[in-house]
Amino acid sequence: MIEKLALYFEYPFVRYALIVGVLIALCSSLLGVTLVLKRFSFIGDGLSHVAFGAMAIAGVMNLSNDMPLVIVITVISAILLLRSGEKVKIKGDAAVAMISVGSLAIGYLLLNIFSTSSNLSGDVCGTLFGSTSILALTTTDVWVCTVLSLVTVIVFIFLYNKIFAVTFDESFATATDTNVNFYNLIIAVVIAVIIVLAMNLVGSLLISALVIFPTLSAMRVCKSFKNVTICSAIFSVVCSFMGILVFVLAGTPVGSTIVAVDIVGFMIFALIGAIGGKGNEKI
């Protein structure tokens with residue numbers, strides 16, 4: 001097995017997949033804690049469908065590099081979802097569901113009407129489940145992912161106290177002169193960027209798993225926000241690394257494999273939490 005892994009790691013696309021997978025898993029887990037505690041964890045799924053629709057639009061426009069357009073559209077959607085005010089009549093899970101289903105349907109419709117691909121079903125499947133896109137990563141893609149991931153981590157570390165305050169009590173944060181709207185805006189932008197990057201790894205339908213499972217798993221065994229965040233990051237990186245190794249050795253779909261490893265990890269952490277008597281109600 002070791003010899004086989006060493007052989008595969010001689011190929012650049014395997015190394016690229018591992019680097020991108022670990023970085024995306026790390027970033028997703030950091031913001032995942034905030035989304036889960038704000039009861040907005042399903043936003044990852046909604047924004048991933050928006051990104052799918054944006055990719056379809058980019059394909060119709062014959063853009064050779066669709067990432068800028070996809071990021072812009074996804075960021076705008078994230079801002080609308082996370083910063084919806086009291087006057088907005090469609091909020092929360094209803095807004096996410098509406099944008100999610102609408103974007104997915106429009107994207108698939110555009111692909112069917114304007115697509116020039118001879119394998120439309122394969123292209124759609126790859127985008128939705130991330131089965132092949134990560135194999136086509138270029139050096140530029142890896143550098144872009146690395147830079148954006150580092151920016152995400154740096155932003156999270158420097159704004160940790162503000163993000164903590166906004167996550168648990170926006171009213172108290174406002175009373176202490178914290179610009180809640182500004183920090184929600186930052187969270188929205190970072191989440192949107194992570195979603196677009198993660199589509200190359202697990203596909204648009206499985207992105208929520210990278211956000212939800214590490215956080216919920218960490219909550220089984222940790223009490224504080226800080227410990228949950230650290231544990232979630234470690235859990236996500238390890239599961240992503242193991243999932244990619246299984247993908248390399250067994251040839252399974254990379255996105256589904258990573259999610260399957262996350263599920264197994266969650267079950268283990270849930271068992272540990274049940275034995276230890278710790279739970280997410282203590283956070």
Q: Look at the side chain of S240 and the backbone N and O of S236, then say whether any donor-acceptor pair between them is shorter than 3.5 Å.
A: no
Side chains of [X] and [Y] in contact at under 4.5 Å (non-hydrogen atoms):
| X | Y | value |
| --- | --- | --- |
| I244 | V248 | yes |
| Y183 | I163 | no |
| M267 | I263 | yes |
| L30 | T229 | yes |

Cluster question for you: counting only ILVMFWY and a side-chain heavy-atom cut-off of under 4.5 Å, with indirect links fine, are [X] and [Y] together?
| X | Y | result |
| --- | --- | --- |
| I230 | V36 | no |
| V190 | F182 | yes |
| V155 | I157 | yes |
| I212 | L26 | yes |
| L249 | V14 | yes |

Looking only at heavy atoms, the pair that brings V22 and V237 closest together is CG1-CG1, 3.7 Å
What one should report as the nearest heavy-atom pair of V153 and C27 is CG2-SG, 4.4 Å
Checklist entry - How far apart are the C-alpha atoms of V238 and I234, what are their side-chain angles, what is the distance that settles it, and do they pass the side chain to side chain contact (heavy atoms under 4.5 Å, CB included) test? => result CA-CA 6 Å; V238 171; I234 296 174; 4.2 Å; yes
Could you tell me the separation between the [atom1] atom of [X] and the [atom2] atom of [Y], rounded to the nearest 0.5 Å?
| X | Y | atom1 | atom2 | answer |
| --- | --- | --- | --- | --- |
| C145 | I194 | SG | CD1 | 10.0 Å |
| L31 | T215 | CG | OG1 | 9.5 Å |
| S28 | L210 | OG | CG | 5.0 Å |
| S232 | M219 | OG | CE | 8.5 Å |
| S29 | D262 | OG | CG | 10.0 Å |
| I186 | K162 | CD1 | NZ | 11.0 Å |

Applying ring pair (Phe, Tyr, Trp, His ring centres under 6.0 Å) to F235 and not counting sequence neighbours gives F269
*Donor-acceptor pair between Y16 and T139 side chains, under 3.5 angstrom*: yes
Taken in chain and number order and not counting sequence neighbours, the residues that satisfy side-chain hydrogen bond (donor to acceptor under 3.5 Å, both in side chains) with T152 are none
